[in-house]
Student: 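There's a structure below that I have some questions on.
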Amino acid sequence: MPVTRPPIEGGAVAVRAGVITAVAPAREISGDRVEDLGDVVLVPGFVNAHTHFELSHLAGRISTDRGYVPWVEGLARVLRAGGDAGPLVGEAVRSAVRQSLAAGVTTVGDITRRPESVRPLLAKSALRVVSFGEVLGIGRLRAEFLAKLTAAIDSTAATDGLRIGLSPHAPYTVEPDGLRLCARRAREAALPLCIHVAETPDEEAFTTARVGPLREYLERLGVWDDAVPCPGLRPVELLSACGLLGPRTLLAHANYVSDDDIRRIAEAGASVAYCPRTHAAFGHPPHRFRDMLAAGIPVCIGTDSLASNPSLSVLDELRHLHRVHPDVPASTLLAMGTCHGAQALDWNTRVGSLEPGEDADFVLVTRAADGPADPVANVLASTTSPRATHVFGEPVAS
Ligand SMILES: [Zn+2]
């Protein structure tokens, strides 16, 4: 499944020095060493465009049953009580890397508040990564904003496989001046940006009038102070006004958006990371990913963290979508889980499809004998885990 073109029955991928040199029917390809992979569907490595590896040790610890604000408040309390201690974070990240590769994920957009601990671990892994350093700056958090911003975009740990990005956390945790500064710093250093936006219906009350459950949450947390300015704009309008919407911007969630928001996002060339099972766990109304795709927005897939989602598998997310939206073509879903994510993370010249010149990252999924004839539908209808994941043409997990 090259993704960029129709499936090739009996296809083969030629690899030299970790890079794809040809994708064609097997009879048209020759090589020094030929390996028959059996009756499998070969898909590009999946791209998990939005996750938080450092929260992986919180799997099952914080309930999503009562909605988003109680969940994020529970998360903040666990982290403040030592849930972000170095050894916990280290093991969380190592475990997340293993789980991702086993699930066929080879590229991730990972959010971190601990860049100094997390990035060296990611740099050693087989994953391609955009490591978005996350910053918060509202009320009493304002004082540490600049220092956190400097650490977030420190490029010391960057490698061929690890790129640095910046993530102002959300419109309810960073003030407008901070959002503007993030936009400027990202532009100056040509860094990709990621921000959580319109994740809950409460965000609009907060950004337009500084009222509602998110204001109360910040007060309970002891973060609120009376110097917090009120932009009086809806969340997506606010991002636009602060210069944050552009082709290198990835919007996480965008669960509550108007037609006007979708138009704005599309015109700016920004991407959206939809996190299907986390979205479902919080009971949000149906996501407008189809309207976004129709508007030309590259909608990609994120698992979000294990603190709100059962696995770090993009394939599991796609299978969930395939069950819930059987009318969406399987090939569209696969594109969301591969090439759209690569585009959103600016890795699309290297990964996201099986094309000559790209890194030989691919995943082997056993074809179900009793499943649909269409290879993508077959993969999405089955429940089997990937048989192997290859990075630079070599197996890294099986
Ligand atoms: Zn997130």
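Quick note: numbers below take in every heavy atom, side chains included, and nothing from hydrogens, waters or symmetry partners. Remember, it's 1-based here, ligands and their atoms both numbered in the order they're listed.
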Student: Does H52 bring an N, O or S atom to under 2.8 Å of the Zn ion (ligand 1)?
Tutor: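 Here the distance criterion (N, O or S atom, under 2.8 Å) is met by H52, so yes.
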Student: If the test is side-chain contact (heavy atoms from CB on, under 4.5 Å), which one of V197, L250, I265, L293 qualifies with V272?
Tutor: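 Output: one option passes, namely I265.
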Student: Quick check: of its N, O or S atoms, which one does D304 have closest to the Zn ion (ligand 1)?
Tutor: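 Going by distance to the Zn ion (ligand 1), the closest N, O or S atom in D304 is OD1.
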Student: Please work out whether the ring planes of Y274 and H287 are parallel, tilted or perpendicular, with thresholds of 30° and 60°.
Tutor: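 Y274 vs H287 ring planes: parallel.
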Student: Output the atom name for the N/O/S atom of H50 with the smallest distance to the Zn ion (ligand 1).
Tutor: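 In H50, the N, O or S atom with the shortest distance to the Zn ion (ligand 1) is NE2.
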Student: Sequence neighbours left out, cut at 3.5 Å: what donor-acceptor pairs do the side chains of residues 9-20 make with other protein atoms?
Tutor:
residue	atom	partner	partner atom	Å
E9	OE2	R367	NH2	2.8

Student: Can you name the salt bridge (Lys or Arg N to Asp or Glu O under 4.0 Å) partners of R180, sequence neighbours left out?
Tutor: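 With neighbours one apart ignored, the set is D177.
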